[in-house]
Amino acid sequence: MAPKSSRLNSLIAKSPLAIPATRRATLTQCANALRNLLLLLFLLRYTRKTYLHLRGYGLLGSITRLRRQIWKQLYTYFLRLPFVQSKIRADVDKAVLDLQTKLVPSGPGVVNYTSLPPKGWSGEDVRKELERLGDMKHTRWEDGRVSGAVYHGGNELAELQAEAFKRFGVANPIHPDVFPGVRKMEAEVVAMVLSLFHAPEGGAGVSTSGGTESILSAVLGARQKAYAERGVREPEIILPETAHTAFRKAGEYFNIRVHLVPCPAPSYRVSLPHVKRLLNSNTILLVGSAPNFPHGIVDDIPALSALALKHRLPLHVDCCLGSFMIAFLAKSGFETPDFNFRVPGVTSISVDTHKYGFAPKGNSVVLYRSAALRAWQYYICPDWSGGVYASPGIAGSRPGALIAGCWATIMSLGEEGYISHCVQIVGAAKQLEDAIRTSPSLKHSLRVIGKPLVSVVAFRSPINAPVDEHLVDLYAVADGMSHRGWHLNALQDPPGIHVAVTLPVANAVGELISDLEAVVGECRGKTDGTKGDAAALYGVAGALPDKSVVRELAGGFLDTLYKT
Ligand SMILES: *Cc1c(COP(=O)(O)O)cnc(C)c1O
Ligand SMILES: *[C@@H]1O[C@H](CO)[C@@H](O)[C@H](O)[C@H]1NC(C)=O
C-alpha cells in the first residue's frame, strides 16, 4: 500500500490543483484534530452511557444484569445445539397441539366454514348458528367463575347497549357531519370521565378502542413532546415492573427504551429511589398504576408527582383497571388513595370505560391535564392526495356503535349505579382478602400481596417461610381451581394468583372462598405430581434464563387463535 499511496501523493502534489505543502500540513492537522474530537465524543458518549447505567442500576445491579446477560447468551447457544433444537421443537409442537385440541373444536358434528357460502343464509339460519356459537362449552363467566375479563353490568344494561348498537350500527365518528349525535356522545363521555377524575379547567381527552390504545397514545404523545421541545432522540421511560405490558409494547412500537423498576415487598409499590436513579436527560415519561394488574396495588402517585414536577416530566397514571371503581371508592365509603388530577404532577390518565365503566368492550379514554398535552397524540397529514387528513389517535374509522353503547351505559348507571356496584365489588374483594388473612385453612399457606385498595386481590406463598406442611405450590392451586371450573390469573416473579372481582365474581365470592380452601387443602404437602397447565408453563418457563421457548409457545398459541 505504502509505495502506491506515496506515488499517489506525489502525483497529487504535482498536479495543477495541488495544495501548497504548508496548507496541506494545516489540513492534515485539522483532519487529525477532527478525528480526535470524534473519538473523544464517541468515548464521552459511551462513558456517559456507562455512567448512567451504573447510576441507574448500581454497581451490584449492573454486575447482576451483566451476569444474567452472559448466562442468557450461553443458554441461547445451548438452545441452538441441533439435538436440543429438535427436542424443543418436539415439545413445543406437542404443547401447541394440546392447546389446539382444547381451543379448536373438532370431531363429528363440527362444521367449519372456510369459504363463503355460495348462497347467503336465511336470517333464521344465521341466528340459529349464532345461538350455537354463544352456547359453546366455556368457562362460566356467567356464574362468576372468571377473574376480570367480563365486566358485566347486568342483563338489563346489556339489552340497552344492544339497542344503542342497533341505532348507531353504521355510525363512524370520523364523519362528524354525518353522525352529529355520535360526535356529541363521544365528547360527553370524555367530559364526564374528565370530571370524574377531577381534571382542572382546560382538561382534555380522547376516546380509544381500549386500555392498550390509551396507553400507546399517552406514551407516543410524551415522545413527540420530548422530541419537539427538548430534542430527545433516544427516549426512555421509567416503569414500575408491575405496570401493564402495554407500556412495554409502546416501547417496542415507538422505539423507546424501557427501564423497569422493582416494586418490592412489603408494599409492592414502585421503589422511588430506583426511579430517581434512572432519571436522565433522555427520560420522557414517568408512570404509576392505580392499581396495577398483577397485584392490584396502587403506586405512590403523590411521590411520583413530586418527582415529575421537580424534573419537569410528564406523569401518566394508569387507571385502566381501576377505572370507575377507584373513582368511586371515597363515595362508596372505602379508603381511597390519591391518584387523579388533584395530584398536581399528574399529566395524563388512562381509564377503561370497558372495564369498571361497564361499557361494551372496545371503549377506553385517555385524559390529559390540558388540550396542549392532548395535541401531541394527534395525527395530521396536510398534503395527502386523498385530502387533508386528521385523526385524534391511532385508529382511522371507529365504531360509533360502541361510543353510543358507552354513553348509554354511563347515563343509565349514573353515580348511584356506580356507587352501588363499587360497594358490591370492592366489598367482595375485601371479603376475599379477609378470608385469605384469617381463614384457618388459608392463612398459613397464602399471603395477600401488599394492601389491595380496589378490586384485585393477589396472593402468594409466605416469604421466607420454612418448608413445612402448610406450603403449597401456587400453580398447583391455580390448576386445582381450574379443575373446579374457575379461571383465575396465574402470576410470575413471584409465583402467585390474583382475582379481579367483577359483578359476577362478587355474586359467587362465597363459593370462590370455599373452593380455594378446599384446593389449598388438597395441595398442602404435595410438592410434586402430574403438573397442570399453569404449573407446566410457569414452573418451567420461570426457571429459563432465555425466554425464546416461551416466545415460541406463545406464538404457537396466537397461531391457534386463527385455526378453523
Ligand atoms: C386491562 C389493563 C390495561 C390494558 O387494557 P386493554 O383494554 O386490555 O388494552 C392497562 N392497564 C391495566 C392496569 C389493565 O388492567
Ligand atoms: C374442519 O373440521 C374438521 C372436523 O370436523 C377437521 O378435520 C378439519 O381439519 C377442520 N378444518 C378445515 C379447514 O376443514
Kindly compute the distance separating OG (Ser323) from CG (Asn363), expressed to the nearest 0.5 Å.
12.0 Å
Can you list every ring pair (Phe, Tyr, Trp, His ring centres under 6.0 Å) pair that touches residues 185-218, not counting sequence neighbours?
Phe197-Phe339
Take Ser455 and Lys355 through the test side-chain contact (heavy atoms from CB on, under 4.5 Å) and record every step on the way to the result.
CA-CA 11 Å; Ser455 58; Lys355 282 187 179 155; over 6 Å; no
Should the pair Arg312-Glu229 be classified as a salt bridge under the 4.0 Å nitrogen-to-oxygen rule?
no
Who are the ring pair (Phe, Tyr, Trp, His ring centres under 6.0 Å) partners of Phe168, not counting sequence neighbours?
none
Is a side-chain donor or acceptor of His152 paired with a backbone partner of Gly154 at a separation under 3.5 angstrom?
yes
Within the side chain of His487, is there an N or O that forms a donor-acceptor pair under 3.5 Å with the backbone of Val146?
no
Not counting sequence neighbours, which residues clear side-chain hydrogen bond (donor to acceptor under 3.5 Å, both in side chains) with Ser195? List them please.
none
Enter the distance from Arg145:CZ to Leu488:CG here, rounded to the nearest 0.5 Å.
10.0 Å
Minimal heavy-atom distance between Gly393 and Gln377, with the atoms involved, is CA-NE2, 3.7 Å
In short, His354 meets Gly362 closest at the heavy-atom pair ND1-N, 2.9 Å
Is any side-chain heavy atom of Pro344 less than 4.5 Å from a side-chain heavy atom of Leu309?
yes
Lys225 and Leu373: CA distance, side-chain angles, deciding distance, side-chain contact (heavy atoms from CB on, under 4.5 Å) verdict
CA-CA 8 Å; Lys225 180 178 189 309; Leu373 283 169; 3.5 Å; yes
With the side chain counted from C-beta on, respond yes when Val298 and Val454 share a heavy-atom pair under 4.5 Å apart, and no when they do not.
yes
For Glu335, check side-chain hydrogen bond (donor to acceptor under 3.5 Å, both in side chains) against everything at least two apart and list the hits.
Lys451
In Å and rounded to the nearest 0.5 Å, what is the CZ to OG1 distance from Arg230 to Thr283?
7.0 Å
First locate atom NZ of Lys276, then atom CG of Leu304, and finally report the distance between them rounded to the nearest 0.5 Å.
10.5 Å
Please list all pairs passing the side chain to side chain donor-acceptor pair (under 3.5 Å) test where one or both residues lie in residues 290-307, with sequence neighbours left out.
Thr242-Asn292
How many angstroms lie between CG in Leu279 and CD1 in Ile238, if you round to the nearest 0.5 Å?
4.5 Å
When the ring planes of Phe328 and Phe324 are compared, do they come out parallel, tilted or perpendicular, using 30° and 60° as the limits?
tilted
Pairwise side-chain contact, Leu220 with Arg223, heavy-atom cut-off 4.5 Å (strictly under)
yes
Between Leu321 and Asp352, does a side-chain contact (heavy atoms from CB on, under 4.5 Å) hold up when you go through it step by step?
CA-CA 7 Å; Leu321 181 57; Asp352 282 1; over 6 Å; no
Please enumerate all residues that pass side-chain hydrogen bond (donor to acceptor under 3.5 Å, both in side chains) together with Lys361, with sequence neighbours excluded.
none
Look at the side chain of Arg460 and the backbone N and O of Pro495, then say whether any donor-acceptor pair between them is shorter than 3.5 Å.
no
Counting heavy atoms not belonging to Arg167, are there more than 12 under 6.0 Å from its CZ?
no
Stepwise ring pair (Phe, Tyr, Trp, His ring centres under 6.0 Å) test for Phe293 and His498:
CA-CA 9 Å; Phe293 174 84; His498 94 205; 4.6 Å; yes
Grab the two heavy atoms, one from Gln431 and one from Val509, that are nearest each other, plus how far apart they are.
OE1-CG1, 3.5 Å
List for me each residue that meets ring pair (Phe, Tyr, Trp, His ring centres under 6.0 Å) alongside Tyr378, sequence neighbours excluded, and say none if there are none.
none
Checking salt bridge (Lys or Arg N to Asp or Glu O under 4.0 Å) for the pair Glu213/Arg398: CA distance, chi angles, key distance, verdict?
CA-CA 13 Å; Glu213 192 187 335; Arg398 289 179 300 129; over 6 Å; no
Which of Phe358, Tyr356, Trp141 passes ring-ring contact (aromatic ring centres under 6.0 Å, His included) with Tyr151? Answer is Tyr356
Please walk me through it: do Val365 and Leu194 pass side-chain contact (heavy atoms from CB on, under 4.5 Å)?
CA-CA 9 Å; Val365 290; Leu194 277 166; over 6 Å; no
Can I get a per-line list of side-chain donor-acceptor pairs under 3.5 Å for residues 402-414, giving both atom names and the distance, sequence neighbours left out?
unit_1, atom_1, unit_2, atom_2, d
Trp407, NE1, Glu188, OE1, 2.9
Thr409, OG1, Gln161, NE2, 2.9
Thr409, OG1, Gly405, O, 2.6

Any side-chain heavy atom of Thr336 sitting closer than 4.5 Å to one from Leu453?
no
Give a yes or no on whether Arg183 atom CZ has more than 12 heavy-atom contacts from other residues, nucleotides or ligands under 6.0 Å away.
no
Residue pairs passing the salt bridge (Lys or Arg N to Asp or Glu O under 4.0 Å) test with at least one member in residues 378-390, sequence neighbours excluded, are none
Minimum heavy-atom distance between Leu474 and Ile497, given as atom pair plus value:
O-CD1, 3.4 Å
Considering non-hydrogen atoms only, spot the tightest contact between Leu329 and Pro337 and give its length.
CD1-CD, 3.9 Å
Pairs of donor and acceptor atoms involving the side chains of residues 247-265, under 3.5 Å and at least two apart or interchain, shall be tabulated with distances.
unit_1, atom_1, unit_2, atom_2, d
Arg248, NH2, Glu241, O, 3.3
His259, ND1, Tyr57, OH, 2.7
His259, NE2, Glu236, OE1, 2.8

Side-chain donor or acceptor of Arg369 paired with backbone N/O of Pro200 under 3.5 Å
no
Could you pull out all residues at least two apart from Phe459 that satisfy ring pair (Phe, Tyr, Trp, His ring centres under 6.0 Å)?
none
Ser281 versus Val232: any side-chain heavy-atom pair under 4.5 Å?
no
Is it the case that atom CD in Glu142 sees more than 12 heavy atoms from other parts of the structure closer than 6.0 Å?
yes
Donor-acceptor pair between Ser289 and His244 side chains, under 3.5 angstrom:
no
Got a sec: does the CZ of Arg551 have more than 12 other heavy atoms crowding it under 6.0 Å?
no
Give the minimum heavy-atom separation between Val351 and Ser364, together with the two atoms involved.
O-OG, 3.1 Å
Say you draw a straight line from CG of Leu39 to CG of Leu34; how long is it, rounded to the nearest 0.5 Å?
11.5 Å
Tell me, please, which residues at least two apart from Phe42 pass ring pair (Phe, Tyr, Trp, His ring centres under 6.0 Å).
Tyr46
In the structure I gave you, are the side-chain heavy atoms of Leu503 and Ile425 within less than 4.5 Å of one another anywhere?
yes
